[in-house]
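Numbered from 1 within each chain, the chains take letters A, B, ... in sequence-line order.
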Number of protein chains: 2
Amino acid sequence: MRPVPPPGSEAELLSRAASLAGRTLAQLAFDAGVPVPDSQRRRKGWVGALVERCLGADASSLSEPDFTRIGVELKTLPLNRRGAPAESTYVCTVPLGRSPGRWEDSAVRRKLSRVLWVTVEADPVIPLAARRLGTAFLWSPNAEEERLLRADWEELTGLIALGRLEEINAHLGACLQIRPKAANARALTRAADARGAPAETLPRAVSLRASFTAAILRSAFPPPPG
Amino acid sequence: MRPVPPPGSEAELLSRAASLAGRTLAQLAFDAGVPVPDSQRRRKGWVGALVERCLGADASSLSEPDFTRIGVELKTLPLNRRGAPAESTYVCTVPLGRSPGRWEDSAVRRKLSRVLWVTVEADPVIPLAARRLGTAFLWSPNAEEERLLRADWEELTGLIALGRLEEINAHLGACLQIRPKAANARALTRAADARGAPAETLPRAVSLRASFTAAILRSAFPPPPG
DNA sequence: AGGGATCCATGATTGGATCCCA
DNA sequence: TGGGATCCAATCATGGATCCCT
């Protein structure tokens with residue numbers, strides 16, 4: 001278990017990520033001194049945590065970017081056999097029971113302001129250990145993307161502020177969605193109801209739709225003309 | 001079985017079609033003097049033939065538009081419960097064994113040059129007899145649509161001319177597709193192989209993808225802003 | 001509980017197969 | 001056989017549920 005120091009610049013981080021491209025998860029796990037699980041069924045965040053270690057992520061505390069010094073968030077992006085995102089991307093938990101504040105100050109905006117996307121093979125026919133990291137790239141939302149994110153965020157937090165959380169499901173939002181996020185469907189957390197009174201509800205998370213990260217991928221790697 | 005005379009103008013045809021909107025297939029079948037089958041499982045072209053009769057289609061011979069005098073082709077467009085096309089749309093059979101000629105002279109272009117689309121409810125939960133006709137509209141490909149159709153047609157007929165028919169499947173083509181069209185998968189028809197020698201192969205048809213007719217629908221009936 | 005995510009049952013899609021009629 | 005299409009098994013998409021670690 002070799003400790004990797006935090007990167008001192010975006011260039012250093014990108015360079016490290018580029019050096020990991022093409023390596024298998026087995027190779028990364030060996031370098032990190034950790035075993036490769038047989039499957040992700042009971043180790044769902046394993047790839048993300050592995051890549052964090054290999055790149056020197058140092059955020060141990062809450063609501064800080066993974067690379068604290070350079071203010072960059074790390075997200076692994078699992079790609080299916082056609083090279084498209086296989087899953088939505090977790091952003092953060094939804095703060096329930098207090099006022100959402102403004103978009104400018106939101107955790108969603110902060111987390112997404114600067115992201116290193118690290119693509120990873122996720123075709124189920126490839127054994128976990130044999131999957132390779134792909135290209136990594138730095139991203140910040142462009143004006144159009146930020147407009148979309150903000151519109152979704154304001155719609156969703158607006159509903160929550162009105163106590164209409166139970167009306168929210170994963171169908172809402174063009175690029176963001178709010179979905180359950182808990183150990184199981186019986187888990188409860190404190191929230192506020194429509195009158196502001198304390199209530200218990202299922203914890204929720206905000207995530208990016210796979211169609212949105214697919215669009216980010218396309219802008220980062222435009223398809224060859226054909 | 002009341003005979004309906006062929007329409008003398010597009011306006012007359014549209015007016016007749018408009019008068020059918022909202023009527024059930026049972027009502028149309030009664031007027032035409034034909035029984036309504038229990039299901040379409042063994043009567044797949046029944047709705048199309050019924051609407052032809054009700055509107056006075058008169059093309060009994062090959063490769064003529066359904067309304068010969070005014071040069072209009074009739075296509076029923078089955079819509080699912082969300083109002084989107086439930087199926088692809090048959091255009092014509094693929095001529096195998098002779099050279100495809102030019103797009104300008106092709107059967108696909110001719111058939112699609114002027115189409116009366118007649119929408120029909122096709123939600124499986126609605127009994128066949130109770131399904132209603134929806135709005136009908138006249139359509140010709142705009143410049144962009146014709147460009148797309150032509151590109152697909154040229155790609156597909158190009159492959160056939162090279163004797164690569166067996167490489168074609170329904171995945172090819174952005175708006176057109178080529179699919180089997182026969183009594184069953186053992187049916188054979190004459191074709192030419194890669195060397196131009198006679199060969200036997202499964203008969204094929206050209207159809208429009210449901211995503212393409214969905215786009216046509218959207219341009220005919222733009223969704224309300226919201 | 002928050003951060004890292006994937007799992008998987010169910011619904012939507014669709015491509016190859018099939019059906020009737022003239 | 002060509003014209004009118006729909007059927008349906010298999011694949012794809014996804015939203016709600018779940019899992020581990022610290």
Side-chain angles (χ1 to χ4, degrees), chain A residues 37 39-52 57 59-64 66 73-78 80 82 84 86-95 107 111 122 124 169-171 177-187 189-190 202-205 207 209-211, chain B residues 37 39-52 57 59-64 66 73-78 80-82 84 86-95 107 111 122 124 169-171 177-187 189 202-205 207 209-211:
Chain A
S39 100
Q40 293 181 103
R41 187 161 53 90
R42 307 192 54 178
R43 299 298 304 281
K44 299 190 181 182
W46 182 77
V47 175
L50 176 64
V51 176
E52 280 182 354
S60 46
S61 50
L62 312 93
S63 59
E64 276 192 283
D66 293 294
E73 181 74 17
L74 172 64
K75 289 290 173 196
T76 56
L77 190 57
N80 63 24
R82 289 185 308 290
E87 297 279 352
S88 56
T89 301
Y90 167 78
V91 179
C92 58
T93 55
V94 176
K111 292 253 186 184
N169 63 27
H171 295 279
Q177 33 180 202
I178 286 186
R179 290 157 50 187
K181 155 80 165 160
N184 59 65
R186 274 82 61 207
T189 190
R190 289 189 196 291
L202 189 57
R204 316 295 167 100
S207 50
R209 288 186 184 280
S211 57
Chain B
S39 100
Q40 293 181 101
R41 186 162 54 90
R42 308 191 55 178
R43 298 298 304 280
K44 299 191 181 184
W46 183 77
V47 175
L50 175 65
V51 176
E52 280 182 353
S60 46
S61 49
L62 313 92
S63 60
E64 277 192 281
D66 293 294
E73 180 76 17
L74 172 65
K75 290 290 174 197
T76 56
L77 189 58
N80 64 24
R81 104 184 51 148
R82 290 183 309 291
E87 298 280 353
S88 57
T89 301
Y90 167 77
V91 179
C92 56
T93 55
V94 175
K111 292 252 186 184
N169 62 27
H171 295 279
Q177 30 179 204
I178 286 187
R179 289 155 51 186
K181 153 82 165 159
N184 59 64
R186 276 82 60 206
T189 190
L202 189 57
R204 317 293 167 102
S207 50
R209 289 186 184 279
S211 57

**OP:** Would you kindly give the CH2-to-P distance between B:Trp46 and D:dT6, to the nearest whole Å?
**Re:** 12 Å
**OP:** May I ask you to test the A:Arg179-A:Ser207 pair for a side-chain heavy-atom distance under 4.5 Å?
**Re:** yes
Original post:
CG/A:Asn169 to CZ/A:Arg204 distance, rounded to the nearest 0.5 angstrom?
Top reply: 9.5 Å
**OP:** Please report, rounded to the nearest Å, how far the C1' atom of C:dA22 is from the CG atom of B:Asp66.
**Re:** 14 Å
**OP:** Figure out the CZ/P separation between B:Arg43 and D:dC7, and round it to whole Å.
**Re:** 13 Å
**OP:** Just compare D:dG4, D:dC20, C:dG16 and give me whichever is closest to any side-chain atom of B:Lys75.
**Re:** D:dG4
Original post:
Is A:Thr93 near enough to C:dG3 that one of its side-chain N or O atoms lies under 4.0 angstrom from OP1 or OP2?
Top reply: yes
Subject >> Nearest-0.5 Å distance, CD of residue A:Gln177 to OG1 of residue A:Thr89 >> reply: 10.0 Å
Original post:
Taking only side-chain nitrogens and oxygens of B:Arg186, does any of them come within less than 4.0 Å of OP1 or OP2 of C:dA17?
Top reply: no
Subject >> Nearest-Å distance for atom pair CZ/C1', residues B:Arg209 and C:dT13 >> reply: 12 Å
Original post:
When all nucleic acid strands are considered with a 4.0 Å heavy-atom cut-off, which category describes A:Glu73: base, sugar-phosphate, or nothing?
Top reply: sugar-phosphate
Original post:
With distance as the sole criterion, do the side chain of B:Glu87 and the base of D:dC7 form a donor-acceptor contact below 3.5 Å?
Top reply: yes
**OP:** Tell whether B:Lys181 reaches the base of C:dT18 with its side chain through a donor-acceptor pair below 3.5 angstrom.
**Re:** no
**OP:** Whole angstrom is fine here: how far is it from CG in B:Leu202 over to P in D:dT1?
**Re:** 11 Å
Original post:
Is B:Ser207 touching bases, backbone alone, or none of the nucleic acid, heavy atoms closer than 4.0 Å?
Top reply: nothing
Original post:
Looking only at side-chain N and O atoms, does B:Ser88 come under 4.0 Å of OP1 or OP2 in C:dT14?
Top reply: no
Original post:
Tell me: CD of B:Gln177 to C1' of C:dT14, nearest whole Å?
Top reply: 8 Å
**OP:** Among the candidates C:dA5, C:dT13, C:dC19, find the nucleotide nearest to the side-chain atoms of B:Lys44.
**Re:** C:dC19
Subject >> N/O (side chain, B:Tyr90) to phosphate O (OP1/OP2, D:dG4) under 4.0 Å >> reply: no
Original post:
B:His171 side chain: which of D:dG16, C:dG16, C:dG4 is closest?
Top reply: C:dG16
**OP:** Under 4.0 Å between any heavy atoms, over every strand shown, what does A:Arg204 touch: base, sugar-phosphate, or nothing? Just pick one.
**Re:** nothing
Original post:
What nucleic acid atoms does B:Ala182 come within less than 4.0 Å of, heavy atoms only: base, sugar-phosphate, or nothing?
Top reply: base
**OP:** Take the protein atom CZ of A:Arg190 and the nucleotide atom C1' of C:dG2, then report the distance between them rounded to whole Å.
**Re:** 17 Å
**OP:** Round to the nearest Å and state the distance from A:Arg41 atom CZ to D:dC19 atom C1'.
**Re:** 10 Å
Original post:
Do any side-chain nitrogens or oxygens of B:Arg42 fall under 4.0 Å of OP1 or OP2 in D:dC7?
Top reply: no
Original post:
Under 3.5 Å, is there a donor-acceptor pair between the side chain of B:Arg82 and the main chain of B:Asn80?
Top reply: no
Original post:
Where the side chain of B:Pro78 is defined as all heavy atoms beyond and including C-beta, which of D:dG3, C:dA1, D:dT6 is the nearest nucleotide?
Top reply: D:dT6
Original post:
What does B:Pro203 touch in the nucleic acid at a heavy-atom separation under 4.0 angstrom: a base, only the sugar-phosphate, or nothing?
Top reply: nothing
**OP:** Using a 4.0 Å heavy-atom cut-off across all strands, classify A:Arg179 as base, sugar-phosphate, or nothing.
**Re:** base
Original post:
Of the non-hydrogen atoms in A:Val94 and A:Ile178, which two are nearest, and what is the gap between them?
Top reply: CG2-CD1, 4.0 Å
Original post:
With a non-hydrogen cut-off below 4.0 angstrom, is A:Gly48 in contact with a base, only sugar-phosphate, or nothing?
Top reply: sugar-phosphate
